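Structure, as structure tokens:
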Amino acid sequence: WSSDVCSSDLMNDYENAEKYLTLADEVYKPKFKKDFPEYVQSYFATKSTIFGLKKDYDRAITYIDYAIDLNDAQESFYSHKAQLLMNQGKFVESSEIYKKIVFDENGSIRKNIHKDNLVFLCLVSNELGDYETAYMTGKRFFVLGEYFPGFCITLSTLAEKLEKKSEALEFLFWEFEFSR
């Protein structure tokens, strides 16, 4: 195989990916769930990703739930499920999962949290009108050194809704600085 064939002919070929994953169904009998759970998890997560890319969210969630059943400690599986729910417009369910990922039992943001989970919880919370959570997680995302165009405007708007006028102005300043 040349890299040209792989990059041009096979990239984003979801139909063939799904076909080969369906063939793998015959390989992953229940015995393999017990003997090789990490491979089966990967298989389920891949199938979920394929269905998610095809916007078949119900099937995607079914497969990520299978992966979660095999390893309920895997943060990325929960994050994937929360993203799928968010894509469906199920913001309440998505928010519940993101909050379990982001916050510890004391309600503090976990130290080693993946930054994507912070920004997605910020966006989902904003959509639900939970401005305190949106601002807290968005600000943490920003403090960790992340920025994308318009994000500081979102933080400024959230700060203003929470009557934090000086912080609202500060985020407007940062938006201006980053966009130059």
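Keep in mind the model is a prediction, meaning the values are calculated, not measured. Numbers for residues simply follow the sequence, beginning at 1.
- Taking CD1 from Ile64 and OH from Tyr57, the interatomic distance works out to 14.5 Å, rounded to the nearest 0.5 Å.
- If you take CD1 on Ile61 and CD on Gln88, they are separated by 4.0 Å, rounding to the nearest 0.5 Å.
- In terms of modelled atom types and a separation under 3.5 Å, the side chain of Ser79 and the main chain of Glu75 share no donor-acceptor contact.
- Atom CG of Leu121 and atom CD1 of Ile101 lie 9.0 Å apart (nearest 0.5 Å).
- Scored by the side chain to side chain contact (heavy atoms under 4.5 Å, CB included) test, Leu172 finds Ile153, Ser156, Leu169 as partners (sequence neighbours excluded).
- Atom OG1 of Thr49 is separated from atom CZ of Phe51 by 11.0 Å, given to the nearest 0.5 angstrom.
- Across all non-hydrogen atoms, the minimal contact from Ala45 to Ala67 is N-CB, 4.4 Å.
- Residues Leu162 and Val143 do not share a hydrophobic cluster, clusters being chains of Ile/Leu/Val/Met/Phe/Trp/Tyr side chains in contact below 4.5 Å.
- For the pair Leu158 and Lys139, the minimum side-chain heavy-atom distance is 4.5 Å or more.
- Atom CG of Asn112 is surrounded by 12 or fewer heavy atoms from other residues, nucleotides or ligands within 6.0 Å.
- Considering all non-hydrogen atoms of both residues, Ser125 and Thr133 come closest at OG-CG2, 3.3 Å.
- Here the side chain of Ser48 pairs no donor or acceptor atom with the backbone of Phe44 at under 3.5 angstrom.
- Between Lys100 and Tyr78, the closest side-chain pair of non-hydrogen atoms is not below 4.5 Å.
- Taking 4.5 Å as the limit, every side-chain heavy atom of Arg110 sits out of range of all side-chain heavy atoms of Phe103.
- For Lys115, the salt bridge (Lys or Arg N to Asp or Glu O under 4.0 Å) partners are Glu146, not counting sequence neighbours.
- Taking the six-membered ring where the residue is Trp, the centroids of Phe151 and Phe141 are separated by under 6.0 Å.
- Residues forming a ring pair (Phe, Tyr, Trp, His ring centres under 6.0 Å) with Tyr135 (at least two apart in sequence, or on another chain): none.
- Side-chain contact of Gln83 with Asp116: a donor-acceptor pair under 3.5 Å is absent, judged by distance alone.
- A 4.5 Å side-chain heavy-atom check between Leu155 and Glu170 finds every atom pair outside the cut-off.
- No side-chain heavy atom of Lys111 sits under 4.5 Å from any side-chain heavy atom of Asp104.
- By the 6.0 Å contact criterion, CD on Glu163 is open, its count of non-hydrogen atoms from other residues, nucleotides or ligands being 12 or less.
- In this structure, OG1 in Thr137 is found 10.0 Å from CD in Glu132, a value given to the nearest 0.5 Å.
- Remark: the backbone N or O of Gly150 is paired with a side-chain donor or acceptor of Glu175 at under 3.5 angstrom.
- The six-membered or imidazole ring of Phe173 lies away from that of Phe176, with a centre-to-centre distance of 6.0 Å or more.
- For the pair Thr62/Tyr66, a side-chain contact is recorded, criterion being any heavy-atom separation below 4.5 Å from C-beta on.
- Interatomic distance, Phe120 CZ to Ser95 OG, rounded to the nearest 0.5 Å: 14.0 Å.
- At least one side-chain heavy atom of Leu144 sits less than 4.5 Å from a side-chain heavy atom of Leu118.
- Inter-residue side-chain proximity for Gln74 and Ile68 is flagged as unmet; no heavy-atom pair is nearer than 4.5 Å.
- When all heavy atoms of Ala134 and Cys122 are compared, the pair lying nearest together is O-SG, 3.2 Å.
- Applying the salt bridge (charged side-chain N to carboxylate O under 4.0 Å, His left out) definition to pairs two or more places apart or across chains, those involving residues 84-99 are Lys99-Asp130.
- Considering only residues two or more places apart in sequence or on other chains, Ala82 meets the side chain to side chain contact (heavy atoms under 4.5 Å, CB included) condition with Ser94, Ile97, Tyr98.
- For residues 151-160, there are no salt bridge (charged side-chain N to carboxylate O under 4.0 Å, His left out) pairs, not counting sequence neighbours.
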